[in-house]
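This report concerns only the one structure given below.
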2 protein chains.
Amino acid sequence: MSIPRPTDAELEILTVLWSRGPATVRAVHETITGRRPAQYTTVLKQLQIMDEKGLVKRDESERAHVYTAAQPREATQAQLAGDLLARGFAGSATSLLLGALSAKKPSKKELAELRKFLDDYEGRR
Amino acid sequence: MSIPRPTDAELEILTVLWSRGPATVRAVHETITGRRPAQYTTVLKQLQIMDEKGLVKRDESERAHVYTAAQPREATQAQLAGDLLARGFAGSATSLLLGALSAKKPSKKELAELRKFLDDYEGRR
DNA sequence: CTTGACCTACGAGAACCGTCGTAGTATCGT
DNA sequence: ACGATACTACGACGGTTCTCGTAGGTCAAG
């Protein structure tokens, strides 16, 4: 009974929760509506299912329930990246990075950041 | 009518096709069976659907049809990495790499490879 | 010519995904 | 007190994913 890989819609909601912090259905709905049309009850239902799956935690002490991501952003990102790494890239992080940079040309800043990240990563070990 | 993001099962089959090259249903089935139980007709049906979707191409000139991946490995990998990058990492390649390395600790060799990749990448530009 | 091996086509079912409408309940403003 | 407002619960539906069984066609060996 581990936490399942979030689906597309679930990931979108998790992203909102990570950036907004604990939020009501209404808050999540408003944020999502700002980007694309979505019905209130759709978000509600999604959140309820995510609670059952253990993807979010629900605080029912108030009338408007407050939802929180069950896992911190970094943990879920590691799960997603690791999953794709294994399934589509035969475990090669280099291939994964190549794929990412092919899809979206990095800025000079991003390249510098990547370089610094590798330095730091290797440094503390 | 662009090519859709391959599902889990589809990606597994594409992986076989990429490493084996053009292959019959039987060949794909045998490779997959080596890793996990799977019915012959399941693989067949999957391949047929993938053909409809345009994920693979089918050569029917022989009795046993021969399937080939429609896109080279790198193109699909770029699609997958780019998709995850946008959906789960707000476009930050550094975060994606961090996630990948968190999920699977890299060997010294892999780190050197990453470093070299960045050098080469920045070099030719 | 018949039988068995091998192949494709296809239907179907179980589970999941994303979406939404409706119903029911609590709360607030007047 | 009562109607409007705000919430949750829940069923349902259309689409997709993955699985497999069955049917039917071809071909070669005996």
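First the proteins, then the strands, lettered A, B, ... as listed; each starts at 1. Only this structure's heavy atoms are used, side chains among them; waters, hydrogens and symmetry mates stay out.
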[X]: what forms a side-chain contact (heavy atoms from CB on, under 4.5 Å) with it, not counting sequence neighbours?
{"X": "B:Ser95", "value": "B:Phe89, B:Ser92"}
{"X": "B:Lys116", "value": "B:Asp120"}
{"X": "B:Arg87", "value": "A:Asp8, A:Leu11, B:Arg5, B:Asp83, B:Leu84"}
{"X": "A:Ala38", "value": "A:Ile32, A:Arg36"}

- Note on the structure: Numerically ordered, the residues 41-63 of chain A set in heavy-atom contact under 4.0 Å with DNA chain D is A:Thr41, A:Leu44, A:Lys45, A:Gln48, A:Arg58, A:Arg63

- First-last contacting nucleotides on DNA chain C - partner chain B, under 4.0 angstrom, heavy atom: C:dC6 to C:dA12

Looking at residues at least two apart in the chain, or sitting in another chain, which of them share a side-chain hydrogen bond (donor to acceptor under 3.5 Å, both in side chains) with [X]?
{"X": "A:Thr68", "answer": "none"}
{"X": "B:Ser61", "answer": "B:Asp59"}
{"X": "A:Ser107", "answer": "none"}
{"X": "A:Thr15", "answer": "none"}

- Message: Any residue in residues 4-27 of chain A with a heavy atom nearer than 4.0 angstrom to DNA chain C? Just list them by number, or reply none.
- Response: A:Thr7, A:Asp8, A:Ala9

- Query: ring pair (Phe, Tyr, Trp, His ring centres under 6.0 Å): which pairs involve residues 17-68 of chain A, sequence neighbours left out?
  - Reply: A:His29-A:Tyr40

- Message: For a 4.5 angstrom cut-off between non-hydrogen side-chain atoms, does A:Met50 reach A:Leu14?
- Response: yes

